[in-house]
Structure formats: structure tokens, C-alpha cells
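The block underneath contains the structure these notes are about, expressed in C-alpha cells.
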Amino acid sequence: MNDILSELGWRDLVAQHTPELPEELAKGPVTLYCGFDPTAPSLHMGNLAQIVTMSRFQKLGHTPIALVGGATGLIGDPSGKNAERTLNTTDTVMEWVEGIRKQLEPFFDFSGSNACIMSNNYIWTHDMDVLTYLRDIGKHFSVNRMLDKESVSARLNGAGISYTEFSYQILQSLDFLELYRRHGCTLQIGGSDQWGNITAGTDLVRRVESAQVNGLTTPLVTKADGTKFGKTETGTVWLDPELTSPYEFYQFWINADDRDVQTLLRTFTFRTQEELAALELATAEKPQARDAQRALAHDVTTLVHGEHATAQAKAAAAALFGQGELRELDATTLDSAMREAPNAAVSLNGNAPTVSELLVACELVASNGAGRRAIAEGGVSVNNVKVTDENATVSIDDFLHGKWLVLRRGKRTFGGISLIK
RNA sequence: GGCAGAUUGCCCGAGCGGCCAAUGGGAGCGGACUGUAAAUCCGUCGCGAAAGCUACAGUGGUUCGAACCCACUAUCUGCCA
């Protein structure tokens, strides 16, 4: 049962792999890598799937290399893009590299015989001269084969592709070669959109080093309703708590569709097959309890943000979604819950603001008129008490712990108003 | 390059001189129902408490009065070269 392929197999996490991979893994632990390009200030859900996959390898004794793409991030991967990317400045990319490196660290074990290795492909590319690149690396690539890659051919039939992005697969292949030489890395993993880039790398290592190295891709996570995984109405769900708060992050998982929850559990958690079967049964028997979603949200939020932040997110959710218990909530929990929500600060200098004005202040509605309308529709509550009067105002006594006013619009949209003394 | 037509609110799309803040559909939002779901039904959907204000590509004009008529500009689409 400590066989990584059977582990990934039952979790449905293998899209494709090189035919020689099972044989290689049968010989014992390997060193593998996955690249993370700094295309944004933070990692996101797509990256998390790969991080978790790498972590599964490490837990079973393999050595992971987390490669930050300082160089490839400057070039831009054409995979899955139907138009040329806008190049980010070097300064921006370097800043993101650092942030992403820090973000990756907590997921891996840096001790023991199979300690995780952090690397950056900027190291072996930034001072490579053009002639070396063309003679030593470029010579091994057939343009005919490069054109056949899905990521390139899709663009040739569409918006076109620059020489810069066309060269991306060469850089990624070079990474595999360098990691093979430096660390004996013999496996690259990635999302299924990376298959072309990965096989380009295994080809290069075979030509240059006469060595068989392997690739494995995981399926793209898709959702039953057809919308893109990892996005909410407000945008991408990031791993950085500054960009996506732990509360929002927790809510993202809690709101998973019943139809998707098993896939997500298999992909993003370390729960066993037996545990997942039990949760599947629970979903079927009493879907309203949403035990599977709770387990998912708990596990993934803990993995990414830690125990403490998870407890806070849960407490906040329980308080906000619970009925009428807000006054019993302690100040610390309330405080953190409210910081998660859109909030605004007001001062009560004698004038009592109306509820609709406060709704506008924390951007729960677009205009005062919309706020009054929302109240008239019976969709607004203050501290979990429904507001019935369009002209209702609040007073100092309404602020919980003398500090926060909890506004709710509809069933699950919250906002906070803090009091400036 | 020449001729013809189009441009309406988040999207599609009616309106073609006063009764137009502008029919209808979709999306969104709220309510009922529910599981912080799906489906369904109901309501709502420019700003303003209101008077009123701002809007129908832009600018200017005709008119007591324009989304609607005219001119020019911009963009898009057909047809001819």
C-alpha cells in the first residue's frame, strides 16, 4: 500500500504517464520535481493540486524538488492560453518568485533522507549565452516536433505565437536536464496541460544523457456545473491569506457541489479510501449535513492556513450562519470574523446613520436606493435581527462589544461596521 | 477606395417625434422553499426619501418637445472594387 502509483490510481490522479514509469518506481524511491511559474503574486488552486501530489510522493519516501520558475516565468507558458501573454517586468517576477518560494515551503518536509529541495531555474538560465543555448540545447530540438505540441499548434491556428513563448518548452526541458544532472531527478509531474512540455524534457534528457526519465500528469480538476474550478464570483481563490482570507478559503470548500466533493477529497486531502467511502455514504444519506464538504474544508484549510486560522474560520462561519448567537460570541472571534467580511468604519457623532447607508458603506449594496429596496424585500438584518423599516437607524447600543455591527444581506452575504470612537 | 446598413441599460433585443428611465428575454439581487445546494414560484433590477436628475455611441443642429429627424465623427457589418 506504500505504492505511489496505486495511491494515485485510486484517487484518479493519473492522466498520463510515460510507459517506463511503473518499472522505475518499482526499483525504489525517486527524485521528482514540479515547476511553479511566478505568473501572479500567489499560488492558486491549480498549483495546490500539484503541491499535494508532490507531498503524497514525499510521504511515501520519494524526494520532491519544488522548482520556482524564475526564468520560465519571464518567458510565459503558451499551454492553455489562446493568446500571447503580456510580459511582466523582471522586478515583478523576482518579487513573485520570492513570495512563491515562501508559500511552497510549509507544504514539504525539509528534514530526513528525502528532504525537499527548493530550486529556481533562473540559476542555470540567466547567464547562459545565446550560442551555448542554440548549439548545446537548441540542436536537440526538432522544430517539426515542437510545432506538433498542442500548446503551439493551437496558437498557430489562432492568435499566433511569438518566438519567446515558442521557446518555452525548451526552457522547461532544460530544467529537467539540469535537475537530472544536479539532483538525479528522474520524474516530472504536472497538470495534464503540461504533458507536451514534460515529454519535451524527457526527450532532451534521453538525447543528452542517454538516460530514461519519466513524466506523470494529473487530470485537470473540473466541476460538474461546467464552471472553472478555483474561481468564485469574486475571482481566483489564492493560497495567500492576504489575497483570499482563510474564511473565504474555508467557504470556498464548504460550498463545493455534492457531485464534486468526492473528487475534491481525493485530490486535495490525505483521507483514506475507507474514510472517503464513509463520507460518500454520509452525503447520500443526509446531504443537508454536508459532512463531506466540512471534512474537505477542514482538511484543506488546515493544510494551507494551519489549525489556528481554520478554527477561526469555522468559528466565524458558525457565528454568522448560526441564528441569534452573535451576542454570545467572544470579542476575539467576532473581531476576526468581521475582518474577513467586507467592512467599513463609521463614527457616531450624534447623527445616527441609517441601515441602508451602512449597507452602502461596506459595499453590500450599490446605492442607498438599492439598500432601502433590500430592506423592503426583507433581506437585511442587523446582528441577525431582520430590519423591517427602510429608514431604520442604529445606535451605539447596537454595536456588539461596543465595536462591531454585523450586517447581513440575504442569507449569506455579510458585512461589518466598526465603530470609530 | 465606392455604396448600403447598424450602434439602446451587465448581455441579447423591442421602440422610430410627446403616453419612454425606455416592452420582452437572460444574467444579477431579494423572498418563499431548502442543505450556506439544485429545481420551481413570486418580487426586484439607472441615481435620488422626494421634487427631480442623468441616460438610448460621440459632437453639433432642427423642434415648444428627440432614443426616435438632420449633419459630422468614431466603431462594426454587408455589397461592389
Side-chain angles (χ1 to χ4, degrees), chain A residues 222-229 231-235 237 244-265 278-301 310-326 329 333 336-338 340-342 351-394 406-416:
Chain A
T222 56
K223 293 208 299 181
D225 63 8
T227 57
K228 200 172 177 194
F229 172 74
K231 302 268 183 191
T232 64
E233 309 80 56
T234 37
V237 178
T244 299
S245 72
Y247 172 79
E248 283 176 87
F249 190 84
Y250 184 84
Q251 289 296 314
F252 169 76
W253 297 101
I254 265 288
N255 285 321
D257 195 306
D258 287 355
R259 293 170 294 178
D260 297 323
V261 71
Q262 279 291 322
T263 306
L264 297 176
L265 281 164
L279 286 171
E280 187 164 21
L281 194 65
T283 300
E285 284 181 350
K286 45 182 180 108
Q288 66 276 21
R290 291 177 310 128
D291 287 337
Q293 280 88 342
R294 285 177 207 285
L296 175 68
H298 174 269
D299 284 15
V300 185
T301 310
T310 305
Q312 293 276 314
K314 279 185 181 176
L320 295 174
F321 287 105
Q323 300 297 318
E325 290 166 27
L326 280 173
L329 203 62
T333 308
S336 66
M338 293 287 65
E340 304 288 0
N351 54 332
T354 65
V355 173
S356 64
E357 281 165 357
L358 295 175
L359 288 169
V360 176
C362 60
E363 297 177 344
L364 251 43
V365 296
S367 68
N368 205 356
R372 300 171 69 88
R373 194 186 307 129
I375 294 170
E377 289 172 339
V380 175
S381 62
V382 171
N383 296 338
N384 277 345
V385 177
K386 185 180 276 193
V387 179
T388 49
D389 176 7
E390 292 181 29
N391 297 309
T393 58
V394 298
V406 180
L407 296 178
R408 194 177 78 200
R409 172 163 195 232
K411 260 174 287 202
R412 49 188 188 139
T413 312
F414 296 91

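Chain letters run A, B, ... following the sequence lines, proteins first, then strands; residues in each count from 1. This structure is a prediction, so every number in the text was calculated from the model and none was measured.
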Taking for each residue the nucleotide of RNA chain B with the nearest heavy atom, is it A:Y247 or A:G378 whose nucleotide lies nearer the 5' end?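 Of the two residues, A:G378 wins.
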If you assign each of A:G379 and A:A289 to its closest nucleotide in RNA chain B, which residue comes earlier from the 5' end?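 Nearest nucleotide further toward 5': that of A:G379.
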Considering only atom [atom1], compute the distance from [N] to [M] and round it to an integer number of Å.
{"N": "B:G26", "M": "B:C45", "atom1": "C1'", "value": "13 Å"}
{"N": "B:C19", "M": "B:C72", "atom1": "C1'", "value": "33 Å"}
{"N": "B:A37", "M": "B:C56", "atom1": "P", "value": "39 Å"}
{"N": "B:U54", "M": "B:A71", "atom1": "P", "value": "27 Å"}
{"N": "B:C68", "M": "B:G78", "atom1": "C1'", "value": "24 Å"}
{"N": "B:A57", "M": "B:U40", "atom1": "C1'", "value": "40 Å"}
{"N": "B:A66", "M": "B:U44", "atom1": "C1'", "value": "30 Å"}
{"N": "B:A22", "M": "B:G31", "atom1": "C1'", "value": "27 Å"}

Please evaluate the base of B:G43 for a donor-acceptor partner in the side chain of A:E377 within a cut-off of under 3.5 Å?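 When only heavy-atom distances are counted, A:E377 does reach the base of B:G43 through a donor-acceptor pair under 3.5 Å.
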What is the distance from [atom1] of [X] to [atom2] of [N], rounded to the nearest Å?
{"X": "A:D257", "N": "B:A39", "atom1": "CG", "atom2": "P", "result": "10 Å"}
{"X": "A:K286", "N": "B:A37", "atom1": "NZ", "atom2": "P", "result": "18 Å"}
{"X": "A:R290", "N": "B:G35", "atom1": "CZ", "atom2": "P", "result": "10 Å"}
{"X": "A:Q288", "N": "B:A37", "atom1": "CD", "atom2": "P", "result": "13 Å"}
{"X": "A:I375", "N": "B:C45", "atom1": "CD1", "atom2": "C1'", "result": "17 Å"}
{"X": "A:K386", "N": "B:G31", "atom1": "NZ", "atom2": "C1'", "result": "8 Å"}
{"X": "A:K411", "N": "B:C29", "atom1": "NZ", "atom2": "P", "result": "12 Å"}
{"X": "A:Q293", "N": "B:G35", "atom1": "CD", "atom2": "P", "result": "13 Å"}

Could you walk me through whether A:W253 and A:D299 pass the side chain to side chain contact (heavy atoms under 4.5 Å, CB included) check? CA-CA 10 Å; A:W253 297 101; A:D299 284 15; over 6 Å; no
Counting only N and O atoms by type, is there a donor-acceptor contact under 3.5 Å from the side chain of A:Q293 to the main-chain atoms of A:A256?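 Between the backbone of A:A256 and the side chain of A:Q293 there is a qualifying donor-acceptor contact (under 3.5 Å).
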[Y] and [X], any side-chain heavy atoms less than 4.5 Å apart:
{"X": "A:K314", "Y": "A:R294", "answer": "no"}
{"X": "A:L320", "Y": "A:M338", "answer": "yes"}
{"X": "A:Q251", "Y": "A:F321", "answer": "yes"}
{"X": "A:E280", "Y": "A:V261", "answer": "no"}
{"X": "A:V360", "Y": "A:V365", "answer": "yes"}
{"X": "A:T393", "Y": "A:E357", "answer": "no"}
{"X": "A:T283", "Y": "A:D291", "answer": "no"}

For A:Q251, report the nucleic acid contact type (base, sugar-phosphate, nothing); a contact means any heavy atom under 4.0 Å.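 Base contact.
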With a 3.5 angstrom cut-off on both distances, give the Watson-Crick or G-U wobble partner of [N], or none if there isn't one.
{"N": "B:G46", "result": "B:C53"}
{"N": "B:A71", "result": "B:U59"}
{"N": "B:C10", "result": "B:G26"}
{"N": "B:C3", "result": "B:G78"}

One character per nucleotide, please: for nucleotides 47-52 of chain B, 5' to 3', B when the base has a protein heavy atom closer than 4.0 Å, S when only the sugar-phosphate does, - otherwise. SSS---
Just N and O in the side chain of A:R412: are any of them under 4.0 Å from OP1 or OP2 of B:A37?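 For A:R412, the contact criterion (side-chain N or O under 4.0 Å from OP1 or OP2 of B:A37) is met.
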